[in-house]
Amino acid sequence: MRLVVTLLCGIGVLLPTGSAWARQDAAAGPPPPTVSWRLDEAVNAALANAPVLAAAAAQVEAARWKERATSRSRWGQADGVALYSRYQDDQLVRPMAIQLFGPKGFAALPWDRDQLHYGLTFQVPLYLGGRLSSAIDIARLQADQAAMLLEGSRWEVRANVTSFYTAAQTLEAVLQALDQNLAALDATRRRVVLMVDQGRRPGLDLLKLDDEIEEARARRAGLRADNVRVRSLLLALAGRDPSFALEIEALPFGDPRVTLGQAQLAGLVVASSPVRRAGAAAEQATAGVKAARGAMRPSVGVRGSVMENYGLSLGEQLATWDVSVALTIPLFNGGARSAELAGARESERAARQTELKIRLDRQAQLVEALARFEASGQAVVAARARMASAAEAARIEQIRYDTGTGTVEDLLRARARELAATSALAQAQGDRLTTAVRINAVVEKEVVQ
């Protein structure tokens with residue numbers, strides 16, 4: 001369920017708040033309803049309404065009910081039964097009984113051709129070779145795994161919502177830089193038109209500027225489409241209608257810090273829900289081995305019934321009951337039980353290796369997230385310096401071109417570097433927040449603040 005938001009320069013950019021919807025064609029109909037969120041509101045909305053969390057919660061409840069059902073089966077069961085039968089002819093005992101004892105007594109028993117039997121039957125397991133206790137353990141571990149999955153899904157949803165929200169802010173900054181670049185190019189074009197008319201600049205400069213302006217406009221149109229896509233994904237993640245308009249408040253880009261040491265983080269990773277869920281799956285496989293071994297042992301149970309027997313042609317009833325203790329000893333089934341036991345043991349081995357793999361993968365995710373978090377901090381510092389120098393270079397090239405000492409190629413390259421530097425700074429800031437929430441999701445605790 002992990003969603004990955006990839007931010008490349010100019011890809012997946014969100015427009016400034018409400019700007020995409022404000023430009024809608026009026027002929028397209030009334031605007032969609034608007035949802036306005038802060039980051040905490042978006043996270044709370046997703047935790048409360050995300051379909052994936054609702055499905056996981058329902059699975060937890062289903063597993064808990066299955067656990068209760070399996071546990072209560074140890075008390076046995078009682079069933080009401082009714083049986084109506086018609087024999088091919090009257091049983092031979094009754095005609096003989098009439099001759100021997102008369103119309104009463106032995107002859108009054110319900111040995112008639114038409115008979116009705118109804119009553120209760122019950123059975124209580126006394127010893128099943130450990131199969132029942134193993135089944136209860138398996139059901140409990142399944143419920144625990146479902147609860148751990150829900151816990152981990154909550155952290156993933158928090159991380160994904162924060163990533164989308166951060167992406168919105170990051171990409172909005174890129175779009176604003178693109179709009180500023182377009183405004184500067186448009187202003188330059190107006191001056192170049194005058195220079196070309198006066199013969200101070202060749203017409204080729206105007207063509208190059210027009211090419212750059214149209215490329216920027218096409219890129220902005222693509223960014224608008226990406227804006228709709230990202231906002232709709234965020235709404236869908238939070239369980240809202242993706243066709244709604246989403247307005248988000250500005251998120252200040254701070255400098256998050258890791259509050260725990262490496263050893264503490266490693267301990268949190270081992271205690272995270274995916275690792276614990278894998279451990280529960282391994283325990284479940286062990287319980288499966290016990291259940292398969294118990295199938296090779298004898299079983300003991302109590303069975304009984306209380307019945308009313310009614311012969312329809314006699315018009316009388318007779319109550320009967322019976323209680324029995326049944327001992328079942330498995331003797332031969334073609335080796336099926338041995339094969340099931342061997343398969344259960346191999347499943348246990350596989351579950352233990354899977355547990356090890358998940359724990360190592362989780363630790364690797366933490367190492368990667370910490371490395372990316374450190375790199376993002378350095379990238380922010382470098383991007384700020386780069387943006388300052390690129391802005392100054394663009395200002396100088398603009399002056400040189402306006403005074404006739406520079407070329408349009410130098411000006412366009414300087415503008416492109418300024419736009420790239422601004423985009424890089426926004427992306428570095430977004431990456432830092434994204435990697436921060438990814439660390440929190442891996443260890444399932446707010447360790448980066």
Side-chain angles (χ1 to χ4, degrees), residues 1-7 12 39-40 42-47 50 52-53 55-57 59-60 144-170 233-234 237-238 251 253-283 351-380 427-449:
M1 67 154 273
R2 178 179 176 182
L3 302 175
V4 180
V5 180
T6 304
L7 304 180
L39 176 57
D40 58 338
V43 171
N44 292 334
L47 293 178
V52 64
L53 295 182
Q59 290 175 352
V60 172
D144 291 343
Q145 290 179 64
M148 294 173 194
L149 177 61
L150 175 60
E151 179 184 353
S153 298
R154 288 182 178 277
W155 282 101
E156 287 295 331
V157 168
R158 289 168 62 94
N160 291 332
V161 170
T162 305
S163 296
F164 274 121
Y165 203 99
T166 303
Q169 302 302 310
T170 301
L233 288 175
L234 180 55
L237 179 61
L251 182 66
F253 288 102
D255 189 16
R257 300 289 181 181
V258 180
T259 59
L260 297 181
Q262 184 71 31
Q264 294 172 307
L265 293 176
L268 291 175
V269 166
V270 174
S272 62
S273 61
V275 179
R276 289 186 288 116
R277 191 167 69 248
E283 293 180 14
R352 293 298 179 187
Q353 292 301 315
T354 301
E355 178 186 9
L356 175 61
K357 177 183 180 299
I358 291 177
R359 184 173 69 252
L360 295 176
D361 288 346
R362 200 72 175 180
Q363 291 172 341
Q365 292 176 17
L366 175 62
V367 172
E368 177 189 5
L370 290 174
R372 290 187 178 276
F373 182 73
E374 182 67 23
S376 65
Q378 299 175 2
V380 169
Q427 182 172 344
Q429 291 174 329
D431 287 344
R432 187 150 180 84
L433 293 180
T434 300
T435 53
V437 297
R438 176 48 50 191
I439 293 174
N440 292 338
V442 170
V443 301
E444 297 183 348
K445 188 176 181 180
E446 294 287 344
V447 298
V448 182
Q449 300 175 355

**OP:** Assess whether side-chain contact (heavy atoms from CB on, under 4.5 Å) is satisfied between Leu47 and Arg158, documenting all intermediate values.
**Re:** CA-CA 7 Å; Leu47 293 178; Arg158 289 168 62 94; 3.9 Å; yes
Please find the pair of heavy atoms, one from [X] and one from [Y], that lie closest to each other, and give the distance.
X      : Y      : answer
Ala281 : Ala351 : O-CB, 4.0 Å
Glu444 : Pro274 : OE2-CD, 3.5 Å
Arg432 : Phe373 : NH1-O, 2.7 Å
Ala46  : Leu237 : CB-O, 4.4 Å
Ser376 : Thr435 : OG-OG1, 3.8 Å
Thr434 : Ser163 : CG2-OG, 3.6 Å

Original post:
Does the pair Gln429 and Thr166 meet the rule for a side-chain contact (heavy atoms from CB on, under 4.5 Å), with working shown?
Top reply: CA-CA 9 Å; Gln429 291 174 329; Thr166 303; over 6 Å; no
**OP:** Mind running side-chain contact (heavy atoms from CB on, under 4.5 Å) on Thr259 and Val448 for me, showing each step along the way?
**Re:** CA-CA 6 Å; Thr259 59; Val448 182; over 6 Å; no
Original post:
Heavy atoms, side chains only, cut-off 4.5 Å: are Glu283 and Asp144 in contact?
Top reply: no
Subject >> pair Gln145-Val60: side-chain heavy atoms closer than 4.5 Å >> reply: no
Pairwise distance [atom1]([X]) to [atom2]([Y]) - rounded to 0.5 angstrom:
X      : Y      : atom1 : atom2 : result
Arg372 : Ile439 : CZ    : CD1   : 11.5 Å
Leu268 : Arg362 : CG    : CZ    : 11.0 Å
Thr162 : Leu39  : OG1   : CG    : 5.0 Å
Leu233 : Phe164 : CG    : CZ    : 4.5 Å
Gln169 : Leu433 : CD    : CG    : 10.0 Å
Leu149 : Arg277 : CG    : CZ    : 5.0 Å

**OP:** Let me see the working for Leu260 and Val443 under side-chain contact (heavy atoms from CB on, under 4.5 Å), right down to the final yes or no.
**Re:** CA-CA 11 Å; Leu260 297 181; Val443 301; over 6 Å; no
I'd like a table of donor-acceptor pairs (distance under 3.5 Å, sequence neighbours excluded) in which one partner is a side-chain atom from residues 352-360, with atom names and distances.
residue, atom, partner, partner atom, Å
Arg352, NH2, Thr286, OG1, 3.3
Thr354, OG1, Ala350, O, 2.8
Lys357, NZ, Asp361, OD2, 2.7

Subject >> Within 6.0 Å of CD in Glu374, more than 12 heavy atoms from elsewhere >> reply: no
**OP:** Any pair with a residue in residues 258-274 that passes salt bridge (Lys or Arg N to Asp or Glu O under 4.0 Å), sequence neighbours left out, goes on the list, sorted by first then second residue, please.
**Re:** none
Subject >> Results of side-chain hydrogen bond (donor to acceptor under 3.5 Å, both in side chains) for Arg276 - residues two or more places apart only >> reply: Glu151
